[in-house]
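Structure first, commentary second.
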Amino acid sequence: MGRTREAGCVAAGVVIGAGACYCVYRLAWRRDESEKIWDEDDEDDEEESSDIAETGVQTGKGANAGVGAAARLQGDSKARTEVAVELKSGPDVKVEAHSWAQSGGGLEAKAKALFSTLKEQASTKAGKGARLGTISGTRTLAPSLPCPGGRGGGCHPTRSGARAGSRASRKSKGRTRAKSTRTPATAWPVRRGKFNFPYKIDDILGATDLQKVLNILERTNDPFIQEVALVTLGNNAAYSFNQNAIRELGGLPIIAKLIKTKDPIIREKAYNALNNLSVNAENQGKIKTYISQVCDDTMICRLDSAVQMAGLRLLTNMTVTNHYQHLLSYSFPDFFALLFLGNYFTKIQIMKLIINFTENPAMTRELVSCKVPSELISLFNKEWDREILLNILTLFENINDNIKNEGLASSRKEFSRSSLFFLFKESGVCVKKIKALANHNDLVVKVKVLKVLTKL
């Protein structure tokens, strides 16, 4: 009875050990099978890629026996022979080890066969992975999609690149592979952002910071930087202490140089900056060098544009005093033509400019002798709003007073019928139009009309 119990225990131990060995063996075998299936999927993906040309290898699946692996040619006969020789050791060794384990040999023999199989299979897979890695295509970026620098998030590779990347990520999750000899990917282009201007456009800067802004404006050709710098200088030029500082730092020639550019936005910002600087009497002495150029550009640029309005505002500021009005006397006909053709805002600005000339008696003869369109009389119409009517009445009042003060009424023969003198003084049409405004609904306009009529 004792020997029978002992034999039963030995048999049970053998069965348990064999079962454990078999379980380990099956787990290892299934792992190899999963690796085979993974490689098949990868190779199918590589065959579908239109950008990568390589020799494909397909491995047949045998779930029960684990055999039937075969190399199939995708290239020429030489490539078929090389692939078959390289992959022969893996499946063949697996078949031999499996048959050895089935025929017996004890636990030690089975363990040796198992470790031998795993070692050969690992070496085979490592060799295959290195070979396929040299054929994979490099990842490239789609040309229409910019890639930011840094981590590469948001970058969109092309089709072949996306597949190469997805294969690499899937394989890294499945198992650890040998170091690949894949060709290095193309370097990611770094997109350059716009220049970060060191100051906010509404900051009130000191002399040191103004010098930095002027240096940036002088050295750059970037329209964006030029615009921001000009707006910054224009805002700072609204303060009297900065008007002197910008002049003393040599900023006027730097700003005035940009009125020659073809970019209308840059010209507008340059005019605005010079306009604020021209409030200062000493700055006007520097800006007078460019006043003729500004006048010509204002007359030939697009009608009612922002550039034209900015130029007219600068000319208005420059003619507030009598020192530089003579520099613009040749443009009187153009001013009156623009007064007739321009829109509401252009009319208002051009009338303010002409009123500056009418307040200087020395400019009267040149002003009234210039040719003007006869349609200018249409401005004396009650359909216009208060501001236009008040300006045109002021213009007529100043010219009428200057004609009397300068004694030009006696020399009426020297003025042509198309001149401003004939339109305002001799035709009598303006007087009739002004008398018709005496019944205007606006009280301010009515008072202005009565004041003008009393001086006739």
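Note that these values count all heavy atoms, side chains included, but never hydrogens, waters or copies made by symmetry.
Residues Tyr290 and Asp297 have side chains not in contact (no heavy-atom distance under 4.5 Å, counting atoms from C-beta outward). Considering only heavy atoms from C-beta on, Ile434 stays 4.5 Å or farther from Leu456 through its side chain. With contacts defined as side-chain heavy-atom distances shorter than 4.5 Å, the pair Tyr271/Ser278 does not qualify. Taking the side chain as every heavy atom from C-beta outward, Ile392 and Trp384 never approach each other to under 4.5 Å. When side chains are defined from C-beta on, Glu366 counts as touching Met363, because their heavy atoms get closer than 4.5 Å. Looking at Phe424 and Val368, their side chains never come closer than 4.5 Å, going by heavy atoms from C-beta outward. Counting heavy atoms from C-beta on, the side chains of Phe335 and Cys295 come closer than 4.5 Å. The shortest distance between side-chain heavy atoms of Arg267 and Cys301 falls below 4.5 Å.
Surrounding OH of Tyr239 are at most 12 heavy atoms belonging to other residues, nucleotides or ligands under 6.0 Å away. Within a 6.0 Å radius of CD in Glu375, other residues, nucleotides and ligands contribute more than 12 heavy atoms. At most 12 heavy atoms of other shown residues, nucleotides or ligands fall within 6.0 angstrom of atom NZ in Lys288. Summarising the local packing, NZ of Lys446 is surrounded by more than 12 heavy atoms from other residues, nucleotides or ligands at distances under 6.0 Å. Counted within 6.0 Å of CZ on Phe345, heavy atoms from surrounding residues, nucleotides or ligands total 12 or fewer; the atom is thus considered open.
Residue Ala237 comes nearest to Ile246 through the heavy atom pair CB-CD1, 4.2 Å, listed as atom of the first residue, atom of the second, then distance. Here the shortest heavy-atom pairing between Tyr344 and Glu387 reads OH-OE1, 3.5 Å. Residues Ala310 and Asn272 come closest through the heavy atom pair CB-OD1, 3.5 Å. Considering every non-hydrogen atom in both Phe422 and Ser416, the closest pair reads CB-O, 3.5 Å. The shortest non-hydrogen separation linking Met351 to Leu339 is CG-CD1, 3.3 Å. Residues Asn276 and Gln243 come closest through the heavy atom pair O-NE2, 3.4 Å.
Separation of atoms OG1 (Thr298) and CD1 (Ile291) is listed at 10.0 Å; rounding is to 0.5 Å. Atoms CG and OG, from Asn280 and Ser240 in turn, are 8.5 Å apart once rounded to the nearest 0.5 Å. A distance of 11.5 Å separates CG of Leu274 from CD of Gln284, quoted to the nearest 0.5 Å. Atom-to-atom distance recorded for Leu230:CG and Glu227:CD is 8.5 Å, nearest 0.5 angstrom. Remark: Asn381 CG to Leu437 CG distance equals 7.5 Å, nearest 0.5 Å. To the nearest 0.5 angstrom, Asn400 atom CG is 8.5 Å from Lys455 atom NZ.
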Fill in: Val228 and Thr232: CA distance, side-chain angles, deciding distance, side-chain contact (heavy atoms from CB on, under 4.5 Å) verdict
CA-CA 6 Å; Val228 176; Thr232 303; 4.2 Å; yes
Discussion item. With salt bridge (Lys or Arg N to Asp or Glu O under 4.0 Å) as the criterion, how do Arg365 and Glu406 come out once you've worked through the C-alpha distance, each side chain's angles and the decisive distance to 0.1 Å?
Written reply: CA-CA 9 Å; Arg365 181 177 292 276; Glu406 296 295 321; over 6 Å; no
Worksheet entry | Worked verdict on Arg247 versus Leu277 for side-chain contact (heavy atoms from CB on, under 4.5 Å) | CA-CA 9 Å; Arg247 181 188 69 253; Leu277 290 168; over 6 Å; no
Worksheet item: side-chain contact (heavy atoms from CB on, under 4.5 Å) between Val452 and Val449: does it pass, once the steps are laid out?
Response: CA-CA 5 Å; Val452 172; Val449 169; 5.9 Å; no
Discussion item. Determine whether Thr316 and Asn356 satisfy the following criterion, side-chain contact (heavy atoms from CB on, under 4.5 Å), listing intermediate values before the conclusion.
Written reply: CA-CA 7 Å; Thr316 303; Asn356 287 343; 3.5 Å; yes
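For the residue pair Thr394 and Asn391, no side-chain donor N or O sits within less than 3.5 Å of a side-chain acceptor on the partner.
Remark: side-chain polar atoms of Asn402 are paired, donor with acceptor, to backbone N or O of Thr358 under 3.5 angstrom. The closest donor-acceptor contact from the side chain of Ser305 to the backbone of Gln308 lies under 3.5 Å. Side-chain atoms of Glu426 do not come within 3.5 Å of backbone N or O of Phe421 as any donor-acceptor pair. A donor-acceptor pair under 3.5 Å is formed between the side chain of Asp304 and the backbone N or O of Asn343. When atom types are taken as modelled, the side chain of Asn242 and the backbone of Ala245 share no donor-acceptor pair closer than 3.5 angstrom. Under the 3.5 Å distance criterion, the side-chain polar atoms of Asn398 are left unmatched by any main-chain donor or acceptor of Glu359.
One finds a salt bridge joining Glu397 and Lys448 here, because a Lys/Arg side-chain nitrogen approaches an Asp/Glu carboxylate oxygen to under 4.0 Å.
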